[in-house]
Amino acid sequence: MKRTIKSIAAIMVVLTLCLGLLAGCAGGSPVGTWKISSVEMMGATVDPAAAGYGDDASTMTFNEDGTITSAGQTSGNWTLNGSELTITESGVSITCEYTGSNIILDMGFVKATYVRA
C-alpha cells in the first residue's frame with residue numbers, strides 16, 4: 001500500500017509539472033497563477049501535500065505567451081479550446097477541463113483541482 005501511494009504521489013508531482021503547460025479554456029483565460037486545492041486518489045480525498053503537492057509543486061502559472069511555468073521553470077505550452085485546456089511538454093499532451101474558476105485534471109485514478117492563487 002505504501003508503495004502504491006508513493007507511486008501515485010510521484011505521478012502527481014509529474015502531472016503538476018505538466019499542468020504548468022496549461023492555458024486557455026472557456027470562461028475567460030487561464031493566464032495567471034493557479035494553486036492546487038484538492039486531490040482525489042482512487043476516489044478518496046487526500047491532503048495535497050501528502051500527495052506530493054507541496055511548495056513549488058502546488059502552483060503553476062499560465063503565461064500570456066502560451067507557456068506554462070511550474071517550480072519556477074518554463075515547462076511547456078498550453079492551448080485552450082472551449083473548456084478543453086491542453087498542456088504539452090516534450091511532445092506529451094494532457095487535456096484538462098477549464099471552468100473559468102477551476103482547472104480539473106482527471107486521470108481516472110487521480111483527480112486534481114486547481115483554483116486561482
Side-chain angles (χ1 to χ4, degrees):
M1 181 70 173
K2 282 188 175 183
R3 183 174 180 206
T4 301
I5 291 173
K6 285 183 181 181
S7 296
I8 292 172
I11 291 169
M12 294 299 291
V13 169
V14 170
L15 292 176
T16 298
L17 293 175
C18 291
L19 283 177
L21 307 174
L22 294 176
C25 289
S29 169
V31 170
T33 301
W34 294 78
K35 181 176 178 87
I36 193 147
S37 65
S38 67
V39 176
E40 290 180 29
M41 293 180 151
M42 296 182 271
T45 302
V46 297
D47 176 47
Y53 290 99
D55 301 325
D56 287 342
S58 68
T59 63
M60 61 183 166
T61 301
F62 293 88
N63 302 305
E64 287 186 38
D65 66 358
T67 61
I68 188 165
T69 305
S70 183
Q73 299 194 8
T74 301
S75 58
N77 299 296
W78 63 268
T79 59
L80 183 61
N81 183 13
S83 64
E84 189 174 276
L85 178 61
T86 303
I87 302 167
T88 304
E89 179 179 9
S90 302
V92 176
S93 295
I94 297 173
T95 300
C96 304
E97 178 183 0
Y98 175 69
T99 67
S101 58
N102 293 308
I103 294 174
I104 303 164
L105 173 63
D106 190 345
M107 301 294 287
F109 60 93
V110 175
K111 182 177 179 180
T113 302
Y114 288 78
V115 296
R116 291 194 185 269

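Computed over heavy atoms, backbone and side chain alike; hydrogens, waters and symmetry mates excluded.
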Residues two or more places apart in sequence or in another chain: which of them pass side-chain contact (heavy atoms from CB on, under 4.5 Å) with Thr113?
Ser37, Ser38, Asn102, Ile104

Identify, with sequence neighbours excluded, every residue that meets side chain to side chain donor-acceptor pair (under 3.5 Å) alongside Thr33.
Thr61

Applying side chain to side chain donor-acceptor pair (under 3.5 Å) to Asp65 and not counting sequence neighbours gives Thr67

Considering all heavy atoms, the nearest Val31-Arg116 contact:
O-NH1, 3.0 Å

Nearest heavy-atom neighbours spanning Thr59 and Ser70
O-OG, 3.6 Å

Under 4.5 Å between side-chain heavy atoms, counting indirect links through other Ile/Leu/Val/Met/Phe/Trp/Tyr residues: same cluster for Val110 and Val115 or not?
no

Mind checking the CD-CD1 spacing from Glu97 to Ile103? Nearest 0.5 Å is all I need.
10.5 Å

State whether the side chain of Tyr114 and the backbone N or O of Leu105 hold a donor-acceptor pair below 3.5 Å, judged by distance alone.
no

If the condition is side-chain contact (heavy atoms from CB on, under 4.5 Å), which residues does Ser93 pass it with, not counting sequence neighbours?
Thr86, Thr88

